[in-house]
Protein chains: 2
Amino acid sequence: MRQHGQVQHERTTSERTPPRGAYHHGDLRNALSAAAAELAREGGPEAVVLREAARRVGVSPTAAYRHFANHADLLKAVKHEALADLADALAAAVAKADADADDADAADADADQHRSPGAADGGGGQQRTRAQARARARLSAIGHGYVDFALSAPGLFRTAFCHSGTADGTPTEPEPFDLGTERAYRVLVDVLDSMLAAGLIAPARRPGAEITAWAMVHGLTTLLLDGPIRDLPEADRRRMVDDATATLAAGLAASTGPGSGSGAGA
Amino acid sequence: MRQHGQVQHERTTSERTPPRGAYHHGDLRNALSAAAAELAREGGPEAVVLREAARRVGVSPTAAYRHFANHADLLKAVKHEALADLADALAAAVAKADADADDADAADADADQHRSPGAADGGGGQQRTRAQARARARLSAIGHGYVDFALSAPGLFRTAFCHSGTADGTPTEPEPFDLGTERAYRVLVDVLDSMLAAGLIAPARRPGAEITAWAMVHGLTTLLLDGPIRDLPEADRRRMVDDATATLAAGLAASTGPGSGSGAGA
DNA sequence: CTAGGATGTTCACGCCGTAAACATCTATCG
DNA sequence: CGATAGATGTTTACGGCGTGAACATCCTAG
């Protein structure tokens, strides 16, 4: 879980923001959304219950209405937090893949030096292979990171993607999903860009690849979490993720332009 | 919506209809689940409210407890119904694609006959192309059918895939998703089999292809319905579906075995 | 120092899921 | 054929939820 929200309001009496006089909480909004996020982590979106969050914070139920318009508003805050957590997890997974690749390259270079110090050409050809391996590893990392996050914090993941629209006529408020503002999305864009640069994506397929890739990984996660293949042994699950990202990578690499592979239907 | 549930139980007094016959209401269980399904269609899983369903059927709230263990049980029935509706839509979409292909083939044959009655070899080569075009069209059809169903009945779709597990400790009852019993799944298997037969899927990628394909289409649907690209103009949406199924088809066709395309991560 | 806004509390209402006790209907058995 | 037991539906009641209204308290600007 992200650290903020637990700020706990410093006890240094001389501070400017010290109203710990019990009546005024000091940071109720954050405290409430943190409590609500914890509820979401424990039980998913349905467990995000305003009164319980207030109870945990030690405040009366209606106090929440000074900081959130209503229950949906509180839930929206939790969704933001959950999405941010996901973005953190993805970024960390990709960073780790990069670090691992660095290590591997360093080891290779070391071995090279010891074995054939003056070998010609060996470097150039490897350069490209290395960039490709790196890019592939990043795709795999983001896929596994996505799935791992969802399975390690299912309630939070479900909350991040739960439907907000209050079906009874409310005008479908804009979800907290500003494609482009969203960090998770940018991590993905970055990974796809590196794949394109490494020649692993056919340029014609680059546009729209974010959606295709996201769809594949998100759908797989959904199926693994709540769908027909939930409760799969870890080994099988990892293989499914590998299969799916491999098929995805192969599809993105294929040079046949989009639209020629299907679309023959009326 | 599927027709059953509205069966309205015949009034012929002489009927045997022993198990779920007409006692008081006649067919309360079906009436309730139909009303609940209508609620789901109108407002998604959260709108499935036991008391409202009872109200619509004209019965007291607690009457439902003679036919459903609790609210979750009622919701499960609705999920089954929603899944069945989805299966119907997919089967219909694939059937339509096949019918269209038949028409096209017939037209081609007609044209051929008029143009070059005795052309040698033309048939053999076309045979394979036709099978491939057919299989591709089927994949496209199932993808569009899936998305179209979700967008035309969003509440029902969300209900079909909503999480049931009552987070507060209940032992994760088995969802109504008996992969293999589920008709929607078998429609997909059928489509993938025809693609394999037409040589559109590398045999090494056939295992697990159901999940990969389902994941792609389901994920895309989720993103289009509640995700970052909801409210997309129809034309763009159709293009996204075409892109995604094209990339999927290309990925399944690629001969590089699964696992070589990624999986370089730790 | 004081007035007013921000923050939190108490009380109240209607809706929900659901348990318990009671009423009614229907099929079956003596 | 009439009694009886079980299936079906109703009434009543309880606690929990989201939320509005009126009231209390605190903090800060004038």
Side-chain angles (χ1 to χ4, degrees), chain A residues 9 13-33 35-36 39-40 43-78 164-170 173, chain B residues 9 11-33 35-36 39-40 43-78 164 166-170:
Chain A
H9 189 66
T13 54
S14 62
E15 275 294 24
R16 241 321 135 92
T17 56
R20 54 190 186 83
Y23 198 92
H24 278 22
H25 177 278
D27 194 20
L28 227 196
R29 187 185 164 94
N30 283 338
L32 280 174
S33 75
L39 289 175
E46 286 113 58
V48 174
V49 86
L50 188 146
R51 289 175 102 112
E52 173 65 16
R55 221 172 282 135
R56 292 195 177 192
V57 172
V59 95
S60 77
T62 53
Y65 287 83
R66 301 295 175 194
H67 304 275
F68 299 95
N70 49 36
H71 177 246
D73 195 28
L74 173 62
L75 218 174
K76 193 166 68 179
V78 176
S164 293
T166 55
D168 56 320
T170 326
E173 63 162 297
Chain B
H9 184 68
R11 300 233 163 259
T12 60
T13 53
S14 62
E15 276 295 25
R16 250 303 141 110
T17 55
R20 298 284 178 252
Y23 286 109
H24 288 184
H25 173 274
D27 195 19
L28 226 198
R29 185 183 165 97
N30 283 337
L32 280 174
S33 75
L39 289 175
E46 285 112 61
V48 175
V49 144
L50 188 146
R51 290 176 101 110
E52 173 64 16
R55 223 172 281 135
R56 293 196 178 192
V57 173
V59 94
S60 77
T62 52
Y65 287 84
R66 300 296 175 192
H67 302 274
F68 299 95
N70 50 34
H71 177 245
D73 194 29
L74 173 62
L75 218 174
K76 193 167 68 179
V78 175
S164 292
T166 55
D168 57 320
T170 325

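Residue numbers begin at 1 in each chain, while the letters A, B, ... track the order of the sequences.
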Upstream residue (5' side of DNA chain D) when A:H71 and B:G58 are each assigned their closest nucleotide: B:G58
Starting at CD of A:E46 and ending at P of D:dG18, how long is that distance when rounded to a whole Å? 13 Å
Round to a whole Å and report the spacing from CG of B:L32 to P of D:dT10. 10 Å
Axis-to-axis angle across the helix from C:dC1-D:dG30 to C:dG30-D:dC1, five pairs each end, nearest 10 degrees, ~ 10°
On the side chain of B:R51, is there an atom forming a donor-acceptor pair with the base of C:dT18 - under 3.5 Å, no angle test? yes
Might you point out which heavy atoms bring A:A69 and A:D73 nearest each other, and give the distance in Å? N-OD2, 3.0 Å
Where is the tightest heavy-atom contact between B:L39 and B:A53, given as atom of each residue plus distance? CD1-N, 3.8 Å
Contacts to DNA chain D from residues 62-69 of chain B, heavy-atom cutoff under 4.0 Å, which residues? B:T62, B:A63, B:R66, B:H67
Which whole-number value in Å describes the distance from A:R56 CZ to D:dC17 C1'? 16 Å
So, for A:F68 and A:L32, which heavy atoms are closest and what is the spacing to 0.1 Å? CE1-CB, 3.9 Å
Taken to the nearest whole Å, CG/A:L39 to P/D:dC17 is 10 Å
Taking atom C1' of C:dT18 as reference, at what distance in whole Å does atom CG of B:D73 sit? 14 Å
Output the distance between atom CD (B:E46) and atom OG (A:S164), rounded to the nearest 0.5 Å. 9.0 Å
Expressed as a whole number of angstroms, how long is the span from A:L50:CG to C:dC15:C1'? 16 Å
For A:H25 and A:D27 the tightest heavy-atom approach is ND1-N, 3.1 Å
Interatomic distance, A:R29 CZ vs C:dG8 P [rounded to whole Å]: 13 Å
Using side-chain contact (heavy atoms from CB on, under 4.5 Å), reason through A:H71 and A:V48 one step at a time and then give a plain yes or no. CA-CA 9 Å; A:H71 177 246; A:V48 174; 4.2 Å; yes
A:A35 versus A:V57, closest heavy-atom pair with distance: CB-CG2, 3.9 Å
For B:L28 and B:A63, work out which heavy atoms get closest and say how close. CD1-CB, 4.1 Å
Identify which nucleotide among C:dT9, C:dT18, D:dG9 has an atom closest to any side-chain atom of B:S60, counting heavy atoms from C-beta outward. D:dG9
If the cut-off is 4.0 Å, is B:R55 near the phosphate of C:dC16, judged by side-chain N/O to OP1 or OP2? yes
Taken to the nearest 0.5 Å, the spacing of B:R55 CZ from B:S60 OG works out to 11.5 Å
Given atom CD of A:E52 and atom P of D:dG18, what is their separation to the nearest angstrom? 10 Å
